[in-house]
Amino acid sequence: MDHPLLDLINARIEKAEAEGAFDNLAGAGKPLPKVDAPENELVNRLVRESGGVPEFVSLSRTLTELRQQLAETGDRTERRQIMKEMSMLEARIDLARKAYAK
């Protein structure tokens with residue numbers, strides 16, 4: 001079954017071609033770069049361009065902040081809470097690394 005907006009999409013593409021919107025694009029006439037996972041490349045490129053990082057990287061940054069808090073905190077109750085958070089975060093980092101490696 002065709003997408004209900006297929007005719008509109010094609011009309012917009014044809015209009016853009018007629019107006020020269022696709023002329024002189026960067027990389028025109030050059031081969032596409034080799035990629036490891038072509039089915040995911042668009043998403044990967046968008047994430048890279050927007051400054052995104054894998055989950056385990058952002059979690060590691062949070063862990064670093066918690067370690068700093070722990071070093072600065074003298075209250076035993078607060079230290080215990082920070083250590084619990086760190087433990088949970090370390091487990092999440094391990095899971096995220098395993099998921100990323102797949």
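In this chain, numbering begins with 1 at the start of the sequence shown.
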Report the C-alpha distance between Arg45 and Val35 in whole Å, list the side-chain angles of each, state the deciding distance to 0.1 Å, and finish with yes or no for side-chain contact (heavy atoms from CB on, under 4.5 Å). CA-CA 11 Å; Arg45 182 174 56 91; Val35 294; over 6 Å; no

Salt bridge check, Glu41 against Arg48: does any charged N sit closer than 4.0 Å to a carboxylate O? yes

Would you give the length of the straight line joining atom [atom1] of [X] to atom [atom2] of [Y], rounded to the nearest 0.5 angstrom?
| X | Y | atom1 | atom2 | result |
| --- | --- | --- | --- | --- |
| Leu95 | Glu90 | CG | CD | 12.5 Å |
| Leu8 | His3 | CG | NE2 | 10.0 Å |
| Ile82 | Gln68 | CD1 | CD | 10.5 Å |
| Met86 | Thr64 | CE | OG1 | 9.0 Å |
| Ser58 | Leu63 | OG | CG | 11.5 Å |
| Leu66 | Met88 | CG | CE | 12.5 Å |

Leu59 and Ala96: which non-hydrogen atoms are nearest, and at how many Å? CD1-CB, 4.3 Å

For Asp75, I'd like to know if atom CG has over 12 heavy atoms of other residues, nucleotides or ligands within 6.0 Å. yes

Residue pairs fulfilling ring pair (Phe, Tyr, Trp, His ring centres under 6.0 Å) with at least one residue in residues 45-76, sequence neighbours excluded: Phe56-Tyr100

Hey, could you give me each pair passing ring pair (Phe, Tyr, Trp, His ring centres under 6.0 Å) that has a residue in residues 61-83? Not counting sequence neighbours. none

Do the side chain of Arg79 and the main chain of Leu70 share a donor and acceptor less than 3.5 angstrom apart? yes

Are Leu25 and Leu32 connected into the same hydrophobic cluster when the rule is that any two of I, L, V, M, F, W, Y join if their side-chain heavy atoms are below 4.5 Å apart? no

Is there a side-chain contact between Thr77 and Gln81, using heavy atoms and a 4.5 Å cut-off? no

With a 4.5 Å cut-off on side-chain heavy atoms, are Glu78 and Gln69 touching? no

